[in-house]
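The block underneath contains the structure these notes are about, expressed in structure tokens.
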Amino acid sequence: MRKALTWLPALAVFLGTLGTGTAPAAANTATEAAGTGTTRAAGTPGGTGGTDGARGTERTEPADIKDRILAIRGMSLVEEKPVDGYRFFVLRYTQPVDHRRPYLGTFRQRLTLLHKDTSRPVVFHTSGYHVSPRPGRSEPTRIVDGNQVSLEYRYFSPSRPDPADWSRLDIRQAADDQHRLFRALKRIYRANWLSTGGSKGGMTATYYRRFHPDDMDGTIAYVAPNDVRNREDSAYDRFFEQVSTPECRAALNAVQREVLVRRDEIVRRYEDWARENGATFTTVGSADKAYENVVLDLVWAFWQYRTEADCAEVPEPTASTGTLYTFVDEVSGFSFYTDQVLADYAPYFYQAGTELGWPSFRTPHLDGLLRHPGIYQPRSYVPRDIPMRWRGRVMDDIDRWVRHRAERMLFVYGENDPWGAERFRPGKGARDAYVFTAPGANHGANIAGLAEEERDKATAEVLEWAGVAPAAVRRDASKAEPLAERDARLDRKPVEARNALRP
């Protein structure tokens, strides 16, 4: 990060904006130009309407929602897309690189807004990764028939400072990003707010509640791992010893072993594929090292993305090399450990190796076949010019808070999802907090997939937290159901790369 010799004036400008509320709307209505470089003046949470303290005059509140949003200081429009029943905006919001040292500069964070009505609840969604520029609804948004704000996680491109000081990428800074955006939008959307996310997004929603517990009226965290003790991962071993049937487990282990026995032949095919597609392996080290990671992912990825019904598709270890190659590619994905894909996920692996933790598991059936001990960990997937240092006890703090202080929180897990082996468990100190498990579900578990009684209870709680529970639901949870009809375009499951050991 380039040092600013004039940081005192920059700080004065930044702090001076904290009390100004909004910028003139005309300054923000233009569609923003391309580029995401770090700037020196930070945007601040701003509302609309109210009194101009400097002149003692009443400001006029814009009538159109787009104008109201763009009246927020630091907010700019990328594009608006047509969506039946909503208005959908792709936006950028100026954030400080370091919320505790705002003079270090700013960056522009991408977000989307699916607007229904300012009187409806708001669901604050994050995947913990990139934000999709395509409109879509999370399950809680459909349940409460509300608005949805979706925020891209800091350092995922294009929401990355330039140059990037990676030491500013941590869960507290990300929680402060959400808090600051919430403050800016709450002046427009005054109804109840819920936070949600799946996988790393569920982790993000939980961390946000820990650091800013009074922002949200409720949190729904889907399939969120909780790696409290990074060196103690026996829960994953127990999971793989018990999931599904002995026959399916044996079949997967046999294929995983066989593709390492035929390693040299398959790696040659892998290298040919890489040359044809312009893929390189500088970060992980070589095609052979990348292949070892792909194979180690195989059993985990099968259970993360597939179901017990797919056990019938596991090939015999005597199958042709082409058949085994295709199976590994479909389940693990040969592309993931290339430089071209790892670059997109460097922020996740950086966090896994500094704060979040990383799962490990025993593979006795692969004894004698692994060539690169110690490679299966986050440092292998982040360029070496980015320093990483493990920050112990960060997850201990989160876990203690969930156990003793969590309130109005719902955790949903899948029975056959390996990430659920280490999960959040609210304790006696928690209030109005629940953990439900969807039978037979994988990493796509949701409220709709819960057993009937738990599904009704979860739906009723979400409606109650959002402040929109009908009287009949407050009397009887079995009456609970989503307030919005299903929309095939908005409620489709997001398309994600089905590969790699990542939440």
Side-chain angles (χ1 to χ4, degrees), residues 109-112 123-132 136 138-140 149-157 159-160 166 169-178 195-211 216 219-228 230 233 236 297 300-301 303-305 333 336 341-359 377-378 381-382 388 391 394-395 398-399 402 409-414 417-424 441-446 493-503:
Q109 191 168 28
R110 186 168 59 167
L111 66 138
T112 63
V123 174
F124 199 164
H125 169 266
T126 176
S127 70
Y129 295 93
H130 300 93
V131 70
S132 173
S138 65
E139 186 178 47
V149 175
S150 298
L151 183 65
E152 190 159 68
Y153 203 94
R154 61 166 42 211
Y155 283 58
F156 282 88
S157 184
S159 299
R160 182 181 298 180
W166 288 79
L169 173 58
D170 59 50
I171 63 171
R172 180 58 190 266
Q173 296 285 357
D176 290 349
D177 289 340
Q178 289 192 267
S195 56
T196 193
S199 197
K200 186 172 182 284
M203 298 157 73
T204 301
T206 302
Y207 307 154
Y208 174 33
R209 282 297 298 279
R210 185 267 174 268
F211 294 117
M216 297 289 107
T219 294
I220 305 92
Y222 296 89
V223 296
N226 179 32
D227 195 351
V228 185
N230 192 42
D233 283 344
Y236 298 113
D297 280 347
W300 184 294
W303 292 114
Q304 179 169 344
Y305 296 116
F336 194 84
V341 176
L342 284 179
D344 284 340
Y345 292 98
Y348 162 65
F349 288 117
Y350 175 88
Q351 286 193 283
T354 56
E355 290 184 322
L356 306 184
W358 180 255
Q377 48 90 20
Y381 317 129
V382 179
M388 293 171 59
R391 305 163 189 161
V394 175
M395 292 300 109
I398 300 295
D399 182 68
V402 170
M409 297 191 72
L410 170 64
F411 296 93
V412 178
Y413 292 95
D417 175 21
W419 287 108
E422 291 191 337
R423 60 178 60 186
F424 286 101
N442 58 19
H443 205 53
N446 59 13
K493 287 189 176 182
V495 177
E496 63 176 321
R498 294 194 164 207
N499 49 29
L501 186 59
R502 61 176 179 84

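None of these values were measured; they are calculated from a predicted model. Residues: numbered from 1 along the sequence shown.
- Closest non-hydrogen pair, S127 versus H125, comes out as N-CE1, 3.9 Å.
- Between W300 atom CH2 and Y305 atom OH the span is 11.0 Å, to the nearest 0.5 Å.
- Here the shortest heavy-atom pairing between L169 and P347 reads CD2-O, 3.7 Å.
- In terms of the side chain to side chain donor-acceptor pair (under 3.5 Å) criterion, T204 has no residue partners (sequence neighbours excluded).
- Separating the CE atom in M203 from the CH2 atom in W419 is a distance of 7.5 Å, to the nearest 0.5 Å.
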Verdict with reasoning, D177 to Q109, per side chain to side chain contact (heavy atoms under 4.5 Å, CB included): CA-CA 9 Å; D177 289 340; Q109 191 168 28; 3.4 Å; yes
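- Taking both residues in full, the closest heavy atoms of V223 and A445 are given as CG1-CB, 4.0 Å, listed atom of the first, atom of the second, then distance.
- To the nearest 0.5 angstrom, E355 atom CD is 12.0 Å from N230 atom CG.
- Closest approach of S132 and T112 over heavy atoms only: O-CG2, 3.5 Å.
- Residues meeting the side chain to side chain donor-acceptor pair (under 3.5 Å) test with Y413, sequence neighbours left out: none.
- Counting only N and O atoms by type, the side chains of S159 and R154 include no donor and acceptor under 3.5 Å apart.
- Scored by the side chain to side chain donor-acceptor pair (under 3.5 Å) test, Y208 finds D215 as partners (sequence neighbours excluded).
- Results of the side-chain hydrogen bond (donor to acceptor under 3.5 Å, both in side chains) test with S195 over T206, T219, T126 single out T219 as the only residue that passes.
- There is a side-chain donor-acceptor pair under 3.5 Å between Y153 and Q351.
- Under the 4.5 Å side-chain criterion, counting only non-hydrogen atoms from C-beta, L342 is not in contact with D344.
- Within the 4.5 Å cutoff, the side chain of L151 has no heavy atoms near those of the R110 side chain.
- Rounding to the nearest 0.5 Å gives a distance of 8.5 Å between CG of D176 and CG of D170.
- Q304 places a side-chain N or O within donor-acceptor distance of the main-chain N or O of R502, the cut-off being under 3.5 Å.
- Between the side chain of D233 and the backbone N or O of Y236 there is no donor-acceptor pair closer than 3.5 Å.
- Atom-to-atom distance recorded for F411:CZ and N226:CG is 8.0 Å, nearest 0.5 angstrom.
- By the 30° and 60° cut-offs, the orientation of the rings of F336 relative to Y345 is tilted.
- A cation-pi arrangement is present between K200 and Y129 under the rule of less than 6.0 angstrom and at most 45 degrees off the ring axis.
- Residue S199 comes nearest to H443 through the heavy atom pair OG-NE2, 2.6 Å, listed as atom of the first residue, atom of the second, then distance.
- The distance from atom CZ of R160 to atom CD of E152, rounded to the nearest 0.5 Å, is 10.0 Å.
- Under the side-chain contact (heavy atoms from CB on, under 4.5 Å) test applied with I398, the options V228, L356, I171 reduce to a single match, I171.
- Ring geometry for W358 against Y348 counts as tilted: the plane angle lies between 30° and 60°, on a 0 to 90° scale.
- Considering only heavy atoms from C-beta on, E139 comes within 4.5 Å of Y222 through its side chain.
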